[in-house]
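Here the structure is a predicted model, which is why all the values come from computation and not from measurement. Quick note on labels: first sequence line is chain A, next is B, and so on, each numbered from 1.
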There are 2 protein chains.
Amino acid sequence: MKSYKIPEATIARLSVYSRYLSKVEQQGLELISSGEIAEGSGVSPAHVRKDLAYFGEFGTRGVGYNVKELHRHILKILGLDLKWKVVIVGVGHLGTALAMYRGFRDRKFEIVSLFDVDESKFGKVYEGIEVKPFNDLEKIIKEENVDIGIITTPTSSAQSVADIFVNSGIKAILNFAPCVLNVPYNIELRNVDLAVNLEVLTFNIASKQKK
Amino acid sequence: MKSYKIPEATIARLSVYSRYLSKVEQQGLELISSGEIAEGSGVSPAHVRKDLAYFGEFGTRGVGYNVKELHRHILKILGLDLKWKVVIVGVGHLGTALAMYRGFRDRKFEIVSLFDVDESKFGKVYEGIEVKPFNDLEKIIKEENVDIGIITTPTSSAQSVADIFVNSGIKAILNFAPCVLNVPYNIELRNVDLAVNLEVLTFNIASKQKK
DNA sequence: TAGATTGTTAATCGATTAACAATC
DNA sequence: TAGATTGTTAATCGATTAACAATC
């Protein structure tokens, strides 16, 4: 693996390629070209080849890529050959939706538990995942060696959840609360702001209409 | 408004600034500097000023920005002074979560209806929003002049939902199904792939560990 | 005037794309 | 050899950042 910095957009695209390859593999196709992957993923062929080139040579010139092999390589690159333990804090609609989200379950993510402060939710089970008291969060992260924490609480609690994550030795945080979290540089943090997506669309529509 | 192309990232940041300004406005603060907005939004002060500069001059040199005024300006830029009608197709966990999502309701988005093919869901009401038969989708979009359609169906149905959206004259689509949709160039399309976010994190953790 | 902070320019940095040599 | 497609380079494009003139 080469050592220059790899764009985050490249990683996001690799994830998209892998999902498409998974579909293609199920269809029994053996060989695929960068052009076909590009079409199936909504990017350019040059993009596909460049993205892959960061990590090695996976194809055969004049021929293409072996679907199965390339798929396995990409999963390995993304760390998806490993099993990842995840907890979700905040058992609202979004939290439970994520707990049951097929896109997470199809990969090797294991959702260890859900957590909430609301006593009335304790013990509830969603698709085999139990809701536990927020007070047990730190203990369980340590015991189970949880890798990733997902925050789906209201904004007001997000930072304190993040603090507990950090103290418990979690490695990465996926935050759905629309706020800026302070975490040490060695913790991977990714914010997903659902409302931003709608607002980019309204901007685009509105600017068209103004013309 | 100047006419050179505005980066999409700028729009996404404006949305974040507006949320922070909303908070600051509630606290009763009147003046704010680019540095403070930057800190509250997790970006650099230069970024804040550059982003705003695409749209005009909203501050006073040596002084800063009037919180209320700037907030109103940004909302206007994003098209959030208007009311937007939204439908959600696919009443799974994610669909209902989005229907009830505060981040959407706090803005001026009006969720007109939810739609599903499953008869047993027809007539159910989530926070005042009724689930209607998928067959009525086209009719209602036209009748109600719906602006934005959200897709939270399984991947296999996503394209056919998009086709109906397009035929019904919807202006923008927010797609949560992990697939590439084909829509005419004049329809605004935005894909949100929740699993990609987790996979960017696993890549980052995995590459650290390999070092 | 001195201090502060914006608006804008120019420099830097990084990502995308086109093109082609390598090679099956 | 001719055709095809990768891997890689170099050119282009665009976004970020630093720096500073403008100005309150």
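Minimum interatomic distance between I170(B) and I148(B) (heavy atoms only, all atoms of both residues): CD1-C, 3.7 Å.
When the side-chain nitrogen and oxygen atoms of S34(B) are compared with OP1 and OP2 of dT6(C), one or more of them lie within a distance under 4.0 Å. Considering only side-chain N and O atoms, Y65(A) lies nowhere under 4.0 angstrom from the phosphate OP1 or OP2 of dC24(C). For R13(A) and dT16(C), the shortest distance from a side-chain N or O to OP1 or OP2 is below 4.0 Å. For dT6(D), the OP1/OP2 oxygens have no side-chain nitrogen or oxygen of T60(A) closer than 4.0 Å. Contact annotation: R49(A) does not reach the phosphate of dA19(C) (side-chain N/O to OP1 or OP2, under 4.0 Å).
For the residue pair T202(B) and E199(B), no side-chain donor N or O sits within less than 3.5 Å of a side-chain acceptor on the partner. A donor-acceptor pair shorter than 3.5 Å cannot be found between the side chains of S22(B) and E25(B). Side-chain contact annotation: S15(A) with R107(A), donor-acceptor N/O pair under 3.5 Å absent.
Between E8(A) atom CD and dT16(D) atom P there is a gap of 13 Å when expressed in whole angstrom units. Here the C1' atom of nucleotide dA4(C) and the CD1 atom of I32(B) are 16 Å apart, to the nearest Å. Rounded to whole angstrom, the span from the NZ atom of K5(B) across to the C1' atom of dT16(C) amounts to 13 Å. Residue E57(A) contributes atom CD, which lies 9 Å from atom P of dT23(C) at whole-angstrom precision. Following rounding to the nearest Å, L52(A) (CG) and dT6(D) (P) show an atom-to-atom distance of 10 Å. In this structure, E69(A) places its CD atom 14 Å from P of dT6(D), rounding to the nearest Å. Atom NZ in K50(A) sits roughly 13 Å away from atom C1' in dA19(C) (whole-Å rounding). Rounded to an integer number of Å, the gap from CZ of F58(B) to P of dT23(D) is 18 Å.
Annotation: side chain of H47(B) is in contact with side chain of Y17(B) (closest heavy-atom distance under 4.5 Å). A 4.5 Å side-chain heavy-atom check between F176(B) and L194(A) finds at least one atom pair inside the cut-off.
Of the candidate nucleotides dA18(C), dA21(D), dT5(D), dA18(C) has the atom lying nearest to any side-chain atom of A46(A).
In this structure, the side chain of R105(A) engages the main chain of A99(A) through a donor-acceptor pair within 3.5 Å.
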Checklist entry - Dot-bracket, DNA chain D: Watson-Crick or G-U, under 3.5 angstrom, [ ] crossing, | other strand? => result ..||||||||||||||||||||||

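Between R61(B) and S44(A), it is R61(B) whose nearest contact on DNA chain C lies nearer the 5' terminus.
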